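Along the sequence shown, residues are numbered consecutively beginning with 1. In each ligand, atom 1 is the first atom listed, and ligand 1 is the first ligand listed. Remember, it's a predicted structure, so these values are computed and weren't measured experimentally.
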Amino acid sequence: MTCSSTSSLPLTEAYQAFLDQVTEAGLLISLGVRGVYGYGGTFDAVLQGFDRLVTKRASGFKADVMRLPGLLSREHYLKTSHMENFPDLMGSVHSFMGRDREHIAMLAKRENGEDWTQDLKPSELMLSPACCYPLYPTATGTLTSEGRIVDLLSQVFRHEPSIDPCRLQFFRQREFVRIGTAEQALEHRRRCLELGRDTLAEVGLEVDIVLANDPFFGRGGRVMAASQKDQDLKHEFTFAVATAEKPTAIASTNCHLDYFGKAFDIKLPNGEPAHSACIGFGLERITLALFKHHGFDPDRWPADVKNALEL
Ligand SMILES: Nc1ncnc2c1ncn2[C@@H]1O[C@H](COP(=O)(O)OP(=O)(O)OP(=O)(O)O)[C@@H](O)[C@H]1O
Ligand SMILES: [Zn+2]
């Protein structure tokens, strides 16, 4: 199976064609829901290789490693303004909490083809919409003057079902987050822009770095998006994956100002709220970009790329 060009097709056809290619090649394994896939061994080997390369490249950060579960307590979730800004992307964990009587009623509903989902009750968990959200509640308190740099990896959930194989509902983000003064956060962003560009270039992905905004919801969202851009807070590393017509953000840097410092009471030694900034690598998107760019057979990839990924 080769990776033929999907770039000249209209957008939805280009997504469908690329999705067909990557599933036929066994890279993504369809699970019957748009944006949720299993991954074949070849895909996983490349993804793990890139993750290792990031670890090597980012060793200068001397970051504390934290591996988080992709879940967030409802209490912590409510300290963020995710519900205000991205209600369309939310994910909540509901479970059955009844006894025998409720169990029988739920089974009867399933049997009759009725809606049984109302019989589930909200648990204390939300699905985490970004890798770094569960970090901040663990950082509540006063930082030392060095602040912190944390190395994160987790699954995250965003309810954005799509036929674009790059737009998943459940995917892995690798992040490096700096918590500290405004200057430390800005300096981290500068280093992250270099780290992202150089690491992606090392595996043959020459990206564009573009000023961007998050997909804030609704009419008020347009103002939020414009303000985020005006303040130069978010940059995306974009690459043509499914189609050249609409390049995909395969990684991004984000400056949060003192938003998380205030929300989770993370303080600088002088008592002011801490600032934070991060780089997030979208591991599945980067892996798809590698297959798109170098072809579907990693044995035939350039030697320096295979070396960098230890394939
Ligand atoms: N739905 C998704 N599926 C797969 N990867 C994603 C998805 N959303 C984001 N990512 C990856 O996680 C990284 C960091 O998340 P971030 O919130 O910055 O996404 P983003 O740049 O806003 O993505 P987009 O603009 O495409 O929605 C992104 O650069 C991307 O590589
Ligand atoms: Zn982040």
Side-chain angles (χ1 to χ4, degrees), residues 11 15 18-19 22 27-28 31 33-39 43 46-47 50-51 54 68 70 72 80-82 85-91 127-135 151-177 189 192-193 195-197 199-200 203 205 207-217 221 224-225 228-229 232-243 245-256 259-260 276-293:
L11 219 49
Y15 290 150
F18 188 50
L19 178 60
V22 293
L27 299 173
L28 301 197
L31 298 174
V33 177
R34 280 180 297 165
V36 182
Y37 301 98
Y39 302 98
F43 186 96
V46 170
L47 185 147
F50 185 80
D51 191 46
V54 170
L68 295 162
L72 192 62
T80 74
S81 44
H82 189 262
N85 294 331
F86 310 105
D88 50 333
L89 304 180
M90 286 169 72
L127 298 174
S128 184
C131 180
C132 59
Y133 274 36
L135 160 70
D151 166 346
L152 303 173
L153 170 67
S154 84
Q155 297 270 6
V156 304
F157 175 86
R158 294 181 187 176
H159 186 247
E160 44 184 1
S162 167
I163 54 163
D164 177 3
C166 286
R167 192 162 295 284
L168 305 170
Q169 297 202 58
F170 204 52
F171 55 95
R172 280 161 280 189
Q173 288 183 339
R174 179 83 191 270
E175 282 203 16
F176 292 87
V177 185
R189 196 263 297 267
C192 285
L193 285 169
L195 171 76
R197 193 196 50 215
T199 311
L200 292 164
V203 291
L205 302 178
V207 292
D208 287 324
I209 299 182
V210 296
L211 187 62
N213 59 264
D214 286 311
F216 293 98
F217 184 79
M224 301 286 288
Q228 190 184 25
K229 268 193 163 159
D232 194 35
L233 299 178
K234 182 182 184 80
H235 291 85
E236 291 179 343
F237 301 83
T238 66
F239 191 81
V241 188
T243 163
E245 222 165 288
K246 199 163 182 285
T248 300
I250 58 175
S252 68
T253 61
N254 290 281
C255 277
H256 315 127
Y259 170 80
F260 288 111
S276 57
C278 68
I279 183 168
F281 293 95
L283 294 181
E284 286 83 1
R285 284 189 182 178
I286 290 166
T287 306
L288 286 167
L290 287 165
F291 282 104
K292 175 71 180 193
H293 190 62

>> Is the distance between the ring centroids of Y133 and F260 under 6.0 Å?
In response: yes

> With hydrogens left out, which residues have an atom under 4.0 Å from ligand 1, given that only heavy atoms count?
Replying inline: R158, E160, C166, R167, L168, F171, Q173, D214, K234, E236, A249, I250, A251, S252, N254, G282, R285

> Is R174 salt-bridged to D151, cutoff N-O under 4.0 Å?
Replying inline: yes

> Can we say D232 and R189 salt-bridge, meaning some charged N sits less than 4.0 Å from an Asp/Glu carboxylate O?
Replying inline: yes

> Where the side chain of R285 meets the backbone of C166, is there a donor-acceptor pair that is under 3.5 Å apart?
Replying inline: yes

> Taking T243 for the side chain and E245 for the main chain, is one N or O donor matched with an acceptor at less than 3.5 Å?
Replying inline: yes

>> My understanding is that only residues two or more places apart in sequence, or in another chain, count here; which of them pass ring-ring contact (aromatic ring centres under 6.0 Å, His included) with Y39?
In response: F43

